[in-house]
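Reading through the structure tokens given below for one structure.
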Amino acid sequence: MKKILSAALLAASLLVMFGCKKQKSDAADPVADLKSRGVFVIGLDDSFPPLGYRDDNNEIVGYDIDLAKEVASRLGVAFKAQPIDWDAKEMELETGKIDCIWNGFTITEERKLALSFTEPYLNNAQVLVVRKDSGISSLAELAGRKIGLQRGSSAQEAVDGNPTFASSLSEVVMFRDNITALNDLDIGGVDGVVMDSVVANYSIAQTKKPFLVLNEALSNEAYGIGFRKTEPKLRDEVYNILKEMKADGTVTAISTKWFGKDISVIQ
């Protein structure tokens with residue numbers, strides 16, 4: 001019975017392994033492979049406004065979504081936004097469930113070792129959001145207090161990369177997403193939230209909640225699109241299309257729609 005069960009488990013494992021591998025672009029030309037499959041799948045955190053999130057109709061919308069949809073159109077393929085567990089984003093990419101990670105994905109030296117990144121398309125910073133009535137106006141004033149951040153995010157890396165600041169805190173609470181973290185800040189569960197400045201400023205403007213962003217940033221960074229290490233050709237094709245979109249005014253129009261002005265850094 002054990003032998004039969006082991007064989008069944010082995011067969012199931014092989015099926016999963018080969019099934020996942022089949023979705024990956026192992027072809028010599030990943031661009032041609034993508035076009036033959038006919039759909040460009042981006043992995044994202046669907047609670048990351050204004051880059052990618054669900055609107056009142058439960059549709060996934062956002063700045064990155066508009067950019068990616070246009071890229072897919074110019075590639076001649078359909079577009080699909082695939083929500084993923086952000087804490088397992090690299091695994092989702094490596095197993096072939098998505099073609100790239102595109103959703104406010106910060107370029108870091110560590111990530112560049114495992115992934116193939118485009119050049120930056122947007123600048124960002126990791127900042128602290130606090131309640132207006134907290135009396136907090138600097139990072140130093142958070143000593144002995146509790147902060148929140150999204151697990152597996154650049155915010156976590158920014159805190160870990162500032163040991164003096166990290167050691168001054170009483171606790172760091174990990175949340176699934178920034179929206180949940182901000183809701184906890186609103187009810188006083190945490191004293192501050194570390195998050196992307198792009199997302200923080202947009203959220204405050206939209207929700208009108210009594211929050212403010214401290215002027216002192218934990219780190220400055222840039223967003224890129226992450227592809228499998230073996231697929232630089234697909235990476236370059238996508239970024240070249242973005243450069244074409246910048247040149248013909250499409251990127252400026254999309255940026256103005258979401259931010260009121262062109263904040264892209266595509267050259």
Side-chain angles (χ1 to χ4, degrees), residues 30-31 34-35 38-55 59-84 86 89 93 98-108 111-112 115-127 153-154 178 195-206 217 219-228 231-267:
V31 177
L34 174 66
K35 290 182 178 181
V39 59
F40 182 41
V41 184
I42 71 163
L44 79 155
D45 168 6
D46 62 353
S47 57
F48 202 69
L51 303 179
Y53 67 102
R54 293 187 182 273
D55 65 10
E59 296 291 327
I60 298 177
V61 298
Y63 176 71
D64 285 352
I65 302 303
D66 285 353
L67 290 179
K69 278 183 176 179
E70 181 62 22
V71 167
S73 176
R74 296 190 187 201
L75 280 168
V77 298
F79 169 77
K80 181 179 180 181
Q82 178 62 56
I84 58 175
W86 198 248
K89 52 192 172 294
L93 179 64
I98 56 177
D99 293 307
C100 65
I101 302 169
W102 189 345
N103 187 219
F105 193 26
T106 300
I107 302 169
T108 68
R111 287 173 176 171
K112 283 165 69 174
L115 304 173
S116 185
F117 270 100
T118 63
E119 293 298 310
Y121 68 93
L122 206 62
N123 285 330
N124 183 53
Q126 291 301 322
V127 297
S153 67
S154 297
N178 287 307
M195 61 188 299
D196 302 61
S197 61
V198 170
V199 181
N201 288 313
Y202 182 84
S203 179
I204 292 170
Q206 293 297 309
S219 66
N220 293 302
E221 56 192 36
Y223 290 149
I225 309 163
F227 292 82
R228 284 180 280 275
E231 297 183 354
K233 185 172 182 179
L234 180 57
R235 172 202 66 192
D236 293 345
E237 180 74 9
V238 168
Y239 199 73
N240 284 336
I241 292 174
L242 283 175
K243 289 195 289 186
E244 292 172 2
M245 290 165 55
K246 177 69 174 181
D248 66 24
T250 303
V251 169
T252 298
I254 293 173
S255 184
T256 302
K257 169 186 172 181
W258 289 101
F259 302 108
K261 58 183 179 180
D262 187 0
I263 66 170
S264 69
V265 295
I266 301 168
Q267 299 297 319

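Treat the numbers as computed from the prediction; the structure is a model and nothing was measured.
In terms of the ring-ring contact (aromatic ring centres under 6.0 Å, His included) criterion, residue partners of Phe259 (sequence neighbours excluded) are, by chain and number, Tyr63. Applying the side chain to side chain donor-acceptor pair (under 3.5 Å) rule to Asn103 yields no partners; only residues at least two apart in sequence or on another chain are considered. Not a single ring-ring contact (aromatic ring centres under 6.0 Å, His included) links Tyr223 to another residue, sequence neighbours left out.
A distance of 7.0 Å separates NZ in Lys243 from OH in Tyr239, rounded to the nearest 0.5 Å. To the nearest 0.5 Å, atom CD1 of residue Ile225 and atom CG of residue Leu115 are 12.5 Å apart. Taking CD from Gln267 and CG from Leu242, the interatomic distance works out to 12.5 Å, rounded to the nearest 0.5 Å. To the nearest 0.5 angstrom, Leu93 atom CG is 8.0 Å from Glu231 atom CD.
Lys246 NZ: more than 12 foreign heavy atoms inside a 6.0 Å radius.
Under the 4.5 Å side-chain criterion, counting only non-hydrogen atoms from C-beta, Ile98 is not in contact with Lys89. In this structure, Trp102 and Leu44 have side chains that are not in contact, with every pair of non-hydrogen atoms separated by 4.5 Å or more. Val39 places none of its side-chain heavy atoms less than 4.5 Å from the side chain of Phe79. In this structure the side chain of Glu59 never reaches within 4.5 angstrom of the side chain of Arg54, judged on heavy atoms.
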- [ ] Starting from the C-alpha separation in whole Å, work towards a yes-or-no answer on side-chain contact (heavy atoms from CB on, under 4.5 Å) for Met195 and Ser154.
- [x] CA-CA 8 Å; Met195 61 188 299; Ser154 297; over 6 Å; no
Open item on the list: Show, in sequence, the C-alpha distance, side-chain angles and deciding distance for Asn201 and Val198, and conclude whether the side-chain contact (heavy atoms from CB on, under 4.5 Å) test is met.
Closed with: CA-CA 6 Å; Asn201 288 313; Val198 170; over 6 Å; no
Task: Pair Phe117-Phe105, ring pair (Phe, Tyr, Trp, His ring centres under 6.0 Å): steps then yes or no - done: CA-CA 10 Å; Phe117 270 100; Phe105 193 26; 5.1 Å; yes
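A salt bridge links Asp248 to Arg74: one of the charged nitrogens lies within less than 4.0 Å of a carboxylate oxygen.
Listed here is the closest heavy atom pair of Leu51 and Gly104: CD1-CA, 3.5 Å.
No donor-acceptor distance shorter than 3.5 angstrom exists from the side chain of Lys257 to the backbone of Ile254, with no hydrogens or angles considered.
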